[in-house]
Amino acid sequence: MDGSAPASKYSQKKAKKRQAKKRRKILSGVLDTVQSHNGGQNGDHSDSQSDGDMEAEAGVVSELNHKPHDGARAAAAAASSSEPTPSVGGSAPISPAEAFAWMIHPLTPEKFFSEYWEKKPLLIKRKKKKYYTSLFTTATLDTMLREHYVKFGVNLDCTSYIDGERETHNLPGRAHRGTVWGLYDEGCSVRLLNPQTFHGPLHRLTYSLQEYFACMVGANTYLTPPGTQGFAPHFDDIEAFILQTEGAKRWRLYENPTGERLPRFSSPNFSQSDIGSPIMEVTLTAGDLLYFPRGVVHQGNALPDQHSLHVTVSTYQLNHWGKFLEKAVVGALETACAEDPAFREGLPFQYLDYMGVAHEDKGDAAKRAEFTSVAKKLLKKLADVAPLDAAADQMAAEYVHECMPPIMGPSELGLSTRGRVAPRQLTITGACDVRVVSKRAARLVIEEGLANVYHTIDNAKWHQGEPPQFISFELDDAPGIEYLLASYPEWKPVCTIPGLATEGQIELARHLYDVGILLVKEDSGEEDS
């Protein structure tokens, strides 16, 4: 028997043990460092300069190069360098616009949407290691595993990508802390699928961004051991923002080999031979951001001497014109068939003898041309009766179902049915001021003769964790509901609700308050701050 094989296996086993020991040492150092710097809590946004030159390629923004010229250099540079700092580590909600501006600083939202959004990748190099630390750290993951029921396949995946093979190493049931770190030591990446469920700062950021984008915003976190890769090359069906919180990761981006721009669905895994050479190759270090549109093929691997931890913020999944028009066309057909007899006329006699794929080249050309002409005229008529507002409401109802529940500050909570000590003892009168809890917490949809108010109040923190939540009213209540929803962020007296008598105004406000959609100030002049 050849003695070299056992020796080879023994050497491989020793090498794996050395690698695992190295990963444990790095991981232990990271946990100790994060906890010693932050007292066991998440960090702040203070600067931590690192060495290295700024990337000089297209689509790269550097704070060090983002400075003005001419005589006003000093004052303007100071203004430019003072980035917005939303309190993601606190307990209060964050302004939607402020949250997005902070995430992509120093680039302005206007420049981002005009030059990069759905067009091309963007790299922001900051040299500020702690810029995103308050969002998520390795210590945060460790705490979550200890304190919460994190389940394999639902909340967490352990994956590897070795020699072109992508594997998932999940076990049944709970992802126990020791099991997860054991898989990490063996070279597995750890992906959290919905960390905002368990972690306040990510909940606040994603909630604020969903208010900003007016569609679902999700988040995953990825912890990758040194020198490894957890996922095969692929493209996604979302707009992706990669926020590097610890360590470093090398990213390679590629053209879509299918040629499809802004695809509706994510791709299967690609092999290296499928994708060719990268169009962009960058290394993210802590504090950096990488954005790329849906359809951009990507893969990332941790550097040999350090782990990588990043947050992926995702949005605009299936939020496109095609989906909107699907809903509009259905409504247009219903209206057209009800109002225009041309849509109710019978199809041409024996049209199946000349229409269809089998007759595309051999059918009666004159009859085919006449059939096509009539069909096109009817399709053009649909555009005139397409219920665009109703389609928007249907899209909004889906959005409301996907979103997380509102975040309220202490003062707002005290004016809600959830925060008052005895909410049913509150007497609502025409003089009470009321306001919707947040801009996108509720949406009015007219369905089957009812005014349905879809809301996020009872939603789960994970995607569609609860069935759609709505409360139904009579159509007579619709003008009053529209008025209250459109008035945000202003407070309005109950007596100003249109279309209802005093009793109806109070009853409508009471229903919306009891569900949690409305905040109410009593006559005594309660204040929110």
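Heads up: numbering here begins at 1 and tracks the sequence.
Judged by distance alone, with hydrogens and angles left aside, the side-chain atoms of Glu246 form a donor-acceptor pair with the main-chain N or O of Thr138 at under 3.5 Å. No donor-acceptor pair under 3.5 Å is formed between the side chain of Thr224 and the backbone N or O of Val190. Judged by distance alone, with hydrogens and angles left aside, the side-chain atoms of Gln469 form a donor-acceptor pair with the main-chain N or O of Pro467 at under 3.5 Å. For Arg440 (side chain) and Tyr399 (main-chain N/O), no donor-acceptor pair under 3.5 Å exists by modelled atom type. Not a single donor-acceptor pair under 3.5 Å links the side chain of Thr496 to the backbone N or O of Lys492. The closest donor-acceptor contact from the side chain of Tyr454 to the backbone of Glu398 lies at 3.5 Å or more, if one exists at all. Using modelled atom types, one side-chain atom of Gln505 and one backbone atom of Ile497 make a donor-acceptor pair closer than 3.5 Å. At least one donor-acceptor pair closer than 3.5 Å links the side chain of Gln210 to the backbone N or O of Met404. Remark: side-chain polar atoms of Glu239 are paired, donor with acceptor, to backbone N or O of Arg294 under 3.5 angstrom.
When the shell of 6.0 Å around CD of Glu255 is examined, it contains 12 or fewer heavy atoms from other residues, nucleotides or ligands. Atom CG of Asp458 sits in a crowded spot, with more than 12 heavy atoms from other residues, nucleotides or ligands closer than 6.0 Å. When the shell of 6.0 Å around NZ of Lys439 is examined, it contains 12 or fewer heavy atoms from other residues, nucleotides or ligands.
For His455 and Phe470, the ring centers are positioned 6.0 Å apart or more. Checked against the 6.0 Å centroid threshold, Phe213 and Trp117 count as a close aromatic pair. Separation of the Phe292 and Phe235 ring centroids does not fall under the 6.0 Å cut-off. For His199 and Phe136, the distance between ring centers is under 6.0 angstrom.
Among Thr137, Asp142, Thr143, the one residue that satisfies the side-chain hydrogen bond (donor to acceptor under 3.5 Å, both in side chains) test with Thr140 is Thr137.
Nearest heavy-atom pair, Asn194 versus Asn155, reported as atom, atom and distance to 0.1 Å: OD1-ND2, 3.3 Å. The shortest heavy-atom contact between Glu522 and Cys432 is CA-SG, 4.1 Å. Taking both residues in full, the closest heavy atoms of Thr221 and Pro195 are given as CG2-CG, 3.7 Å, listed atom of the first, atom of the second, then distance. Shortest non-hydrogen contact noted between Ser189 and Gly230 is OG-CA, 3.4 Å. Residue Met103 comes nearest to Leu243 through the heavy atom pair CG-CD2, 3.8 Å, listed as atom of the first residue, atom of the second, then distance. In this structure, His105 and Arg126 approach most closely via the heavy-atom pair O-NH2, 2.5 Å.
A salt bridge (Lys or Arg N to Asp or Glu O under 4.0 Å) check over residues 472-481, counting only residues at least two apart or in different chains, returns nothing.
Taking the six-membered ring for Trp and thresholds of 30 and 60 degrees, Phe231 and His234 have ring planes inclined between 30 and 60 degrees apart. Ring-plane geometry between Phe112 and Tyr291 is classed as perpendicular, the angle between the planes exceeding 60 degrees on a 0 to 90 degree scale with a lower cut at 30. Ring planes of His298 and Trp251: tilted class, angle from 30 to 60°.
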Let's go through Glu412 and Arg435 carefully: what are the C-alpha distance in whole Å and the side-chain angles of both, what is the deciding distance for salt bridge (charged side-chain N to carboxylate O under 4.0 Å, His left out) to 0.1 Å, and is it a yes or a no? CA-CA 10 Å; Glu412 290 181 318; Arg435 194 202 79 191; 2.6 Å; yes

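Take Arg191 and apply the side chain to side chain donor-acceptor pair (under 3.5 Å) test, not counting sequence neighbours, and it matches Asp157. The ring-ring contact (aromatic ring centres under 6.0 Å, His included) test applied to His148 returns Phe198, not counting sequence neighbours.
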